[in-house]
Asker: 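So that we are looking at the same thing, I have put the structure below in structure tokens.
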Amino acid sequence: MNILLTGGAGYIGSHTAVVLTEAGHNVIILDNFCNSDRSVLERLKQILQKDLICIEGDVRNTDLLTQALQEHKIDAVIHFAGLKAVGESVTMPVEYYANNVQGTISLLEAMKVSNIKNLVFSSSATVYGDPQYLPIDENHPTSATNAYGRSKLHIEEMLKDVANSDPAWKIICLRYFNPVGAHESGFIGEDPNGIPNNLVPYIAQVAVGKLPKLNVYGNDYPTLDGTGVRDYIHVMDLAEGHLAALNYVADHSGWIAINLGTGKGYSVLEMIEAFEGASGNKIPFNIVTRRVGDIASCYSTAEKASQLLSWQAKRSIQDMCSSGYKWQNYRSTLA
Ligand code: NAD
Ligand code: WQD
């Protein structure tokens with residue numbers, strides 16, 4: 001199949017580009033590089049031994065999207081493009097709605113006029129808000145606690161309406177839990193601008209000596225060791241989940257939401273220990289007060305994905321940490 005990856009130069013998109021290409025699909029990336037670097041294309045070439053087509057542009061440019069869809073005879077779209085920093089979304093809600101919601105409307109317009117109706121959307125476990133029960137299944141009520149999460153919810157709702165309007169639409173919303181780790185080559189990985197907000201990229205930068213110490217946000221949560229528990233999923237498992245989702249949408253009409261998680265949670269202290277094991281380096285840390293807006297625990301049931309997509313995460317937290325460390329070391333050698 002010919003598959004358009006909006007935001008395909010980013011963290012999850014680039015790993016998915018590898019998996020899809022290796023599975024024999026023809027990948028076309030469209031990205032405006034607002035949160036990624038053009039050098040990822042060279043690094044993808046090192047892994048794949050071939051050039052991928054990349055169109056530089058904004059998903060809000062409907063004419064550009066329409067041209068890309070038609071010129072490359074696209075069969076399905078995976079829509080990764082969007083802004084994703086929770087804290088930033090609280091101070092810049094207009095930019096978040098414009099990029100995420102308006103970007104999706106633009107994509108839907110281009111797909112509609114091009115009569116291309118197979119879509120996989122990057123949603124998030126953030127649409128479950130504060131968990132009412134664990135593990136979280138797809139029937140858990142949805143809500144949002146910040147503008148980023150609300151933009152994902154608005155998009156999911158909009159996609160439901162679109163699917164209801166015409167049975168030709170085949171739409172799957174993948175609700176990712178906490179993606180971490182990197183491709184086993186270490187050539188691509190998560191590359192946040194400035195000081196990382198998320199735990200694993202922060203630990204990785206401490207492990208290579210780029211940052212001195214980790215702040216652990218609270219050890220008084222009702223969890224096994226008092227620190228926050230999350231469902232960390234290896235980005236390569238997540239990427240393989242997209243391949244499975246594409247196979248599913250090919251012959252399932254309508255709208256569906258599916259969790260992509262492992263079904264198991266790990267605490268902050270467990271992640272520190274795993275990273276120390278993978279890197280052989282000590283991760284110094286301080287316990288500080290809780291981060292505003294954080295929850296104690298969040299993890300998924302992975303049953304729906306297993307039943308409907310015949311997919312489940314295979315890689316361990318050791319794999320997540322060792323690949324993340326390999327990437328962080330390689331990243332230090334880049335400009
Ligand atoms: P990322 O920032 O690394 O990748 C997003 C890519 O989209 C970047 O390359 C960026 O340049 C591009 N982009 C953003 N706005 C664009 C626009 N208007 N036009 C064209 N390109 C644009 O993020 P990621 O971690 O790879 O996340 C991909 C998707 O998955 C996002 O939609 C994100 O909300 C969602 N998601 C991510 C996580 C996570 O923890 N990483 C969790 C759940 C959901
Ligand atoms: C994990 C745990 C922190 C940093 C966020 C978004 C979510 C989703 C994924 C997109 C928590 C603790 C963290 C640090 C720490 N993204 N922590 N010190 O908050 O589960 O989810 O990313 O959809 O929407 O909210 O991930 O990695 O930030 O935190 O102690 O420096 O690590 O308190 O318990 P989170 P995270």
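Remember, it's 1-based here, ligands and their atoms both numbered in the order they're listed. Bear in mind the structure is a predicted one, so any value in this text is a computation, not a measurement.
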Asker: Please could you name the atoms of ligand 2 that V216 approaches to less than 4.0 Å, counting only its heavy atoms?
Answerer: 30 (O)

Asker: Mind listing the closest non-hydrogen atom pair of D237 and I233 along with its distance?
Answerer: CB-CG1, 4.2 Å

Asker: Report the nearest protein non-hydrogen atom to atom 5 (C) of ligand 2: residue, atom name, distance rounded to 0.1 Å.
Answerer: N198 ND2, 3.6 Å

Asker: Of the protein's non-hydrogen atoms, which lies at the shortest distance from atom 33 (O) of ligand 2, and what is that distance?
Answerer: D294 OD2, 2.5 Å

Asker: Which residue is it: V59, L65, T66? I am looking for the one with a side-chain contact (heavy atoms from CB on, under 4.5 Å) to T62.
Answerer: T66

Asker: Which is closest to atom 20 (O) of ligand 2 by heavy-atom distance: R230, R290, R175?
Answerer: R230

Asker: For ligand 1, which is the ligand I care about here, please tell me if V59 has any N or O atom under 3.5 Å from one of the ligand's N or O atoms.
Answerer: yes

Asker: Could you list the atoms of ligand 1 found under 4.0 angstrom from a heavy atom of G57?
Answerer: 19 (N), 20 (C)

Asker: Starting from atom 15 (N) of ligand 1, which protein heavy atom do you reach first, and at what distance in Å?
Answerer: N99 OD1, 3.2 Å

Asker: Below 4.0 Å from any atom of ligand 2, is there a heavy atom belonging to Y148?
Answerer: yes

Asker: Yes or no: does K84 have any heavy atom under 4.0 Å from an atom of ligand 2?
Answerer: no

Asker: Starting from atom 4 (O) of ligand 1, what is the nearest protein heavy atom, named by residue and atom, and what distance separates them?
Answerer: G10 CA, 3.4 Å

Asker: How far is atom 21 (O) of ligand 2 from its nearest protein heavy atom, and which residue and atom name does that atom have?
Answerer: N178 ND2, 3.8 Å

Asker: Just which atoms of ligand 1 are under 4.0 Å from any heavy atom in C34?
Answerer: 10 (C), 11 (O), 13 (N), 14 (C), 15 (N)

Asker: Which distance, rounded to the nearest 0.5 Å, do you find between the OG of S300 and the CG of N259?
Answerer: 5.5 Å

Asker: May I have the list of side-chain donor-acceptor pairs in residues 162-170 shorter than 3.5 Å, sequence neighbours left out?
Answerer:
| unit_1 | atom_1 | unit_2 | atom_2 | d |
| --- | --- | --- | --- | --- |
| N164 | ND2 | K160 | O | 3.4 |
| S165 | OG | V162 | O | 2.5 |
| D166 | OD1 | A168 | N | 2.8 |
| D166 | OD2 | K117 | NZ | 2.8 |
| K170 | NZ | A250 | O | 2.9 |

Asker: Would you call the rings of Y97 and H154 parallel, tilted or perpendicular if under 30° counts as parallel and over 60° as perpendicular?
Answerer: tilted

Asker: Atom 6 (C) of ligand 2: which protein heavy atom is closest, and how many Å away?
Answerer: V86 CG2, 3.8 Å

Asker: Minimum distance, heavy atoms only, to atom 35 (C) of ligand 1: which one of S122, P179, A9, G7 is it?
Answerer: S122

Asker: Do the numbers put K152 on top of the ring of Y148, so that NZ or CZ is under 6.0 Å from the six-membered ring centre and no more than 45° off the axis?
Answerer: no

Asker: Can you tell me the protein heavy atom closest to atom 11 (O) of ligand 1 and the distance?
Answerer: D31 OD1, 2.7 Å

Asker: Heavy-atom distances under 4.0 Å are what count here, so tell me which part of K152 touches ligand 1: side chain, backbone, both or neither.
Answerer: side chain

Asker: Identify the closest protein heavy atom to atom 37 (C) of ligand 1: which residue and atom is it, and at what distance?
Answerer: I12 CD1, 3.7 Å

Asker: For atom 27 (O) of ligand 2, what is the nearest protein heavy atom, given as residue, atom name and distance?
Answerer: L199 N, 2.8 Å

Asker: Would you compute the distance between atom CD1 of I317 and atom NZ of K264 and round it to the nearest 0.5 angstrom?
Answerer: 8.0 Å

Asker: Could you find the nearest protein heavy atom to atom 18 (N) of ligand 2 and give me its residue, atom name and distance?
Answerer: N215 O, 2.7 Å

Asker: Against heavy atoms of F80, which atoms of ligand 1 measure under 4.0 Å?
Answerer: 28 (C), 29 (C), 31 (C), 32 (O)

Asker: We want to know whether N35 and N193 form a side-chain donor-acceptor pair, criterion being a heavy-atom distance below 3.5 angstrom.
Answerer: yes

Asker: Are D191 and R331 close enough for a salt bridge, meaning some N to O gap below 4.0 Å?
Answerer: yes

Asker: Is the Y11 ring parallel, tilted or perpendicular to the H15 ring (thresholds 30°, 60°)?
Answerer: perpendicular

Asker: I'd like to know whether CD of E22 has more than 12 heavy-atom contacts from other residues, nucleotides or ligands below 6.0 angstrom.
Answerer: yes

Asker: With a 4.0 Å cut-off on N to O distance, would you call D319 and K314 a salt bridge?
Answerer: no

Asker: With heavy-atom distances below 4.0 Å as the criterion, list the atoms of ligand 1 near S36.
Answerer: 8 (C), 9 (O), 11 (O)

Asker: What residue and heavy atom of the protein are closest to atom 5 (C) of ligand 1, and at what distance?
Answerer: G82 O, 4.0 Å

Asker: Can you tell me how the ring of H242 sits relative to the ring of F80, calling it parallel under 30°, perpendicular over 60° and tilted otherwise?
Answerer: tilted

Asker: Please say whether more than 12 non-hydrogen atoms of neighbouring residues, nucleotides or ligands are located less than 6.0 Å from CD in E273.
Answerer: no

Asker: So if I count the atoms of ligand 1 from 1 in the order they appear, which ones are less than 4.0 Å from some heavy atom of F33?
Answerer: 11 (O)

Asker: Please could you name the atoms of ligand 1 that Y148 approaches to less than 4.0 Å, counting only its heavy atoms?
Answerer: 33 (C), 34 (O), 35 (C), 36 (N), 44 (C)

Asker: Closest non-hydrogen protein atom to atom 17 (C) of ligand 1, residue and atom name please, with distance?
Answerer: N32 ND2, 3.4 Å

Asker: If you define the side chain from C-beta out and look only at heavy atoms, does anything of L64 sit under 4.5 Å from L30?
Answerer: yes

Asker: How does V200 reach ligand 2, if at all, at less than 4.0 Å between non-hydrogen atoms: by side chain, backbone, both, or neither?
Answerer: neither

Asker: Any ion pair linking E190 and K84 (charged N to carboxylate O, less than 4.0 Å)?
Answerer: yes

Asker: Among protein heavy atoms, which sits nearest to atom 24 (P) of ligand 1, and what does the distance come to when rounded to 0.1 Å?
Answerer: K84 NZ, 3.7 Å

Asker: Among all protein heavy atoms in this structure, tell me which lies nearest to atom 12 (C) of ligand 2, with the distance rounded to 0.1 Å.
Answerer: V268 CG2, 3.7 Å

Asker: Taking the side chain from S306 and the backbone from Q312, do they hold a donor-acceptor pair closer than 3.5 Å?
Answerer: no

Asker: Which ligand 2 atoms, with their elements, are less than 4.0 angstrom from a heavy-atom of T126?
Answerer: 24 (O)

Asker: Where do G10 and S14 come nearest, in terms of heavy atoms and distance?
Answerer: O-OG, 2.7 Å

Asker: Looking only at protein heavy atoms, which one is nearest to atom 17 (N) of ligand 2, and how far off is it?
Answerer: Y217 CD1, 3.6 Å

Asker: Please confirm whether Y232 comes under 4.0 Å of ligand 2, counting heavy atoms of the residue only.
Answerer: yes

Asker: Within the structure, does S123 bring an N/O atom to less than 3.5 angstrom of an N/O atom in ligand 1?
Answerer: no

Asker: Any idea which protein heavy atom is nearest atom 2 (O) of ligand 1, and the distance to it?
Answerer: N35 ND2, 2.7 Å

